[in-house]
There are 2 protein chains.
Amino acid sequence: MTGEGRARFERIYALLRSRICLLDYPPGVRLREEDLAKEFETSRTPIRRVLARLEDEGYLRSVHGVGTIVTDIDIASLEQVYRLRVELSELIGKLSPVTPDEEAADLFGAMRARCEALAKSPNQRAFAQLNMDFFHLLMTLTENEPLQEFSERLYYQTTRIWLKTAAGLDGYEDTLASEIDFFLREVSDIATAVACGALETVGQIRRAHVAMSFARLKARARGDALPEDS
Amino acid sequence: MTGEGRARFERIYALLRSRICLLDYPPGVRLREEDLAKEFETSRTPIRRVLARLEDEGYLRSVHGVGTIVTDIDIASLEQVYRLRVELSELIGKLSPVTPDEEAADLFGAMRARCEALAKSPNQRAFAQLNMDFFHLLMTLTENEPLQEFSERLYYQTTRIWLKTAAGLDGYEDTLASEIDFFLREVSDIATAVACGALETVGQIRRAHVAMSFARLKARARGDALPEDS
DNA sequence: GATGGAGTAGTTGTACACAAGGTTGCGAAT
DNA sequence: ATTCGCAACCTTGTGTACAACTACTCCATC
């Protein structure tokens with residue numbers, strides 16, 4: 001696969017994966033190849049090429065005679081994914097870190113501003129998008145491509161499930177504002193560390209926040225009350 | 001994809017990937033979909049499904065109108081892959097380790113015996129196979145599936161390139177016996193650690209050996225600088 | 001002899017028809 | 001009323017023809 005067809009493939013792939021992560025296609029939803037083919041003005045063949053990759057990466061599950069279903073994950077499997085994600089988070093500052101220039105620091109500052117604005121008027125969709133944008137900005141801090149690729153996989157797999165509870169899709173209506181507040185702290189801390197050029201610190205902060213994020217997720221799943229922030 | 005077709009897919013995928021890692025398909029070789037379809041008694045469609053996955057994972061590169069070529073990797077990219085592999089190696093003993101029972105210890109002992117036998121009569125192909133079997137045995141020491149998956153990816157990508165030099169395909173004829181000797185030490189050390197139930201130690205030993213393995217690879221690459229004949 | 005260009009053989013990419021498999025709902029028997 | 005069976009319908013999986021594209025050969029031209 002090469003040339004123009006390759007570009008189309010990447011476009012469709014990135015778009016569908018984004019839809020899955022942003023919960024436009026929530027877990028359990030059934031996609032139909034014919035519909036997607038019509039939307040992207042092509043035949044089923046190239047669509048199937050994209051769906052195959054999404055299936056290999058664990059976002060979808062195609063069942064013969066039934067359909068292509070967006071996967072859900074049980075808390076046990078999610079724990080394994082999160083544990084690895086915690087470890088990889090720290091590596092951002094260790095493996096081929098790029099020394100951030102002033103422009104990078106500004107980008108992180110802009111991210112903090114967006115986050116502060118969001119905290120004033122919480123919005124699920126905007127939060128999901130901001131979270132994703134911030135992740136991709138973080139990834140620019142390392143040049144290690146395999147690390148980028150694996151981190152992306154773990155991010156997309158865990159974040160959409162986490163968003164499901166944070167956004168109230170699983171019966172938790174009050175968590176969104178709280179999660180935005182936690183996220184604002186993370187963005188703020190990391191932006192400061194980036195401004196100082198302390199990339200190892202960035203990795204450690206990120207690691208801590210990913211771990212806490214999962215702890216809150218588990219607490220909600222158990223039905224516990226969230227610890228009040230002080 | 002499900003049921004019988006799924007099993008066939010996995011079978012062909014594992015076989016082709018194994019052929020790539022064992023250098024039955026050395027880097028640069030061109031595969032033809034039609035031939036593979038004939039070998040596995042099917043049409044091009046299921047074959048293309050397998051090749052697509054192998055391409056997504058970086059083992060192959062399909063070029064329209066030309067063919068499907070087994071990838072090679074430059075030393076720079078390989079360094080990134082190795083660095084991440086070093087870090088992940090240690091996680092085997094940290095993330096969801098399984099406490100090895102007596103049977104597991106025996107399996108590692110048997111692996112050591114195979115390795116000692118190989119040291120007496122070096123053989124490239126047998127070494128490649130043993131190395132691969134040992135890797136898969138190591139993977140049984142963790143229950144963390146994402147870690148297993150990523151480790152496999154990094155292993156297959158690096159090992160085939162490393163084997164290329166260790167096996168003399170790149171102009172190094174004397175390295176095979178030496179590499180087998182290094183490998184014997186690693187297997188021996190790890191077998192001992194497993195027998196003691198010291199999984200953290202296993203991870204640390206593995207990490208050290210992966211790092212040293214890459215150091216030797218780089219040293220060979222630097223000392224050589226011979227022009228490619230074409 | 002070197003060079004340029006059209007032709008040809010061979011390969012992957014796409015579209016589409018059909019096979020295989022599953023779900024759903026209706027109807028008859030109990 | 002309930003349950004079993006069957007049939008129509010829908011969706012993914014496979015096979016195949018053809019389009020798109022590349023590399024190579026051969027021959028005319030300079």
Side-chain angles (χ1 to χ4, degrees), chain A residues 1-17 19-20 24-73, chain B residues 1-17 19-20 24-72 228-230:
Chain A
M1 188 171 48
T2 184
E4 190 181 339
R6 180 65 164 189
R8 181 182 62 177
F9 170 82
E10 294 291 351
R11 202 185 84 242
I12 300 178
Y13 167 77
L15 183 55
L16 292 188
R17 192 182 61 167
R19 284 180 182 170
I20 291 171
D24 293 333
Y25 297 150
V29 142
R30 208 186 61 183
L31 309 178
R32 274 177 299 137
E33 298 177 351
E34 201 73 51
D35 289 355
L36 294 171
K38 192 168 291 182
E39 175 181 353
F40 295 104
E41 292 174 326
T42 179
S43 76
R44 280 177 56 211
T45 308
I47 296 297
R48 285 180 59 78
R49 174 72 177 80
V50 174
L51 296 183
R53 175 161 179 182
L54 290 168
E55 182 177 7
D56 288 337
E57 296 180 342
Y59 304 112
L60 300 176
R61 198 180 90 249
S62 286
V63 184
H64 191 177
V66 178
T68 303
I69 290 117
V70 177
T71 54
D72 203 349
I73 304 189
Chain B
M1 189 170 46
T2 183
E4 189 181 341
R6 180 64 163 189
R8 180 181 63 176
F9 170 82
E10 294 290 353
R11 202 185 85 242
I12 299 178
Y13 167 77
L15 183 55
L16 292 188
R17 193 182 59 167
R19 284 179 182 172
I20 291 171
D24 294 333
Y25 296 151
V29 142
R30 207 186 61 185
L31 308 179
R32 276 178 297 138
E33 298 177 349
E34 201 74 50
D35 289 355
L36 293 170
K38 193 169 290 182
E39 175 182 352
F40 295 104
E41 293 174 325
T42 178
S43 76
R44 281 176 56 210
T45 308
I47 297 297
R48 285 180 59 78
R49 174 72 174 79
V50 173
L51 295 183
R53 176 161 177 181
L54 289 168
E55 183 178 5
D56 289 337
E57 295 180 342
Y59 304 111
L60 300 176
R61 197 180 91 248
S62 287
V63 184
H64 190 176
V66 178
T68 304
I69 290 116
V70 177
T71 55
D72 203 350
E228 287 286 330
D229 52 43
S230 56

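First the proteins, then the strands, lettered A, B, ... as listed; each starts at 1. Predicted model, so just to flag it, every value in this text is computed and none were measured.
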Next item on the list: Using a cut-off of strictly less than 4.0 Å, decide whether Arg6(A) has a side-chain nitrogen or oxygen near OP1 or OP2 of dG13(C).
Entry: no
Note to self: Output the rounded distance in Å from CZ (Arg30(B)) to C1' (dC21(D)).
What the structure shows: 14 Å
Notebook entry, point to check: Out of dT14(D), dG13(C), dT12(D), which nucleotide sits closest to the side chain of His64(A)?
Noted result: dT12(D)
Note to self: So which atom in Ile47(B) and which in Ser43(B) form the shortest heavy-atom distance, rounded to 0.1 Å?
What the structure shows: CG1-O, 3.6 Å
Note to self: Measure CZ/Phe40(A) against P/dT14(C) and give the value in whole Å, please.
What the structure shows: 15 Å
Note to self: Can you see if the side chain of Thr42(B) gets near the phosphate of dG15(D) - specifically, an N or O under 4.0 Å from OP1 or OP2?
What the structure shows: yes
Check: Is Arg6(A) salt-bridged to Glu10(A), going by a charged N under 4.0 Å from an acidic O?
Finding: yes
Notebook entry, point to check: Rounded to whole angstrom units, what separation is found between the CZ atom of Phe9(A) and the P atom of dG13(C)?
Noted result: 11 Å
Notebook entry, point to check: Are OP1 or OP2 of dG13(D) and a side-chain N or O of Arg48(A) less than 4.0 angstrom apart?
Noted result: yes
Check: Between dG13(C) and Arg49(A), is there an OP1 or OP2 to side-chain N/O distance shorter than 4.0 Å?
Finding: no
Next item on the list: Select one nucleotide: of dT12(C), dA15(C), dG13(D), the one nearest the side-chain heavy atoms of Ser43(A).
Entry: dA15(C)
Margin query: Can you measure Asp35(A) atom CG to dC10(D) atom P for me and round it to whole angstrom units?
Written below: 13 Å
Item checked: Sequence-distant partners of Arg32(A), side chain to side chain donor-acceptor pair (under 3.5 Å), two or more places apart -> Asp35(A)
Checklist line | 5' precedence on DNA chain D between Val66(A) and Thr45(A) (nearest-nucleotide basis) | finding: Val66(A)
Margin query: Which residue in the set Leu36(B), Ile12(B), Leu60(B) passes side-chain contact (heavy atoms from CB on, under 4.5 Å) when paired with Val50(B)?
Written below: Ile12(B)
Item checked: Whole-Å gap separating C1' (dC10(D)) and CD (Glu33(A)) -> 12 Å
Next item on the list: Answer with base, sugar-phosphate or nothing: what part of the nucleic acid does Ile69(A) contact at a heavy-atom distance below 4.0 Å?
Entry: nothing
Notebook entry, point to check: Below 3.5 Å, does any donor atom in the side chain of Arg44(A) face an acceptor in the base of dG13(D), or the other way round?
Noted result: yes
Item checked: Spacing of Leu60(B) atom CG relative to dT11(C) atom P, expressed in whole Å -> 16 Å
Notebook entry, point to check: Taking the side chain of Thr68(B) as its heavy atoms from C-beta onward, which of dT12(C), dT12(D), dT23(C) lies nearest to it?
Noted result: dT12(C)
Margin query: Output the rounded distance in Å from CZ (Arg32(B)) to C1' (dG13(C)).
Written below: 18 Å
Item checked: Nearest-Å distance for atom pair CD1/P, residues Ile47(B) and dT14(D) -> 10 Å
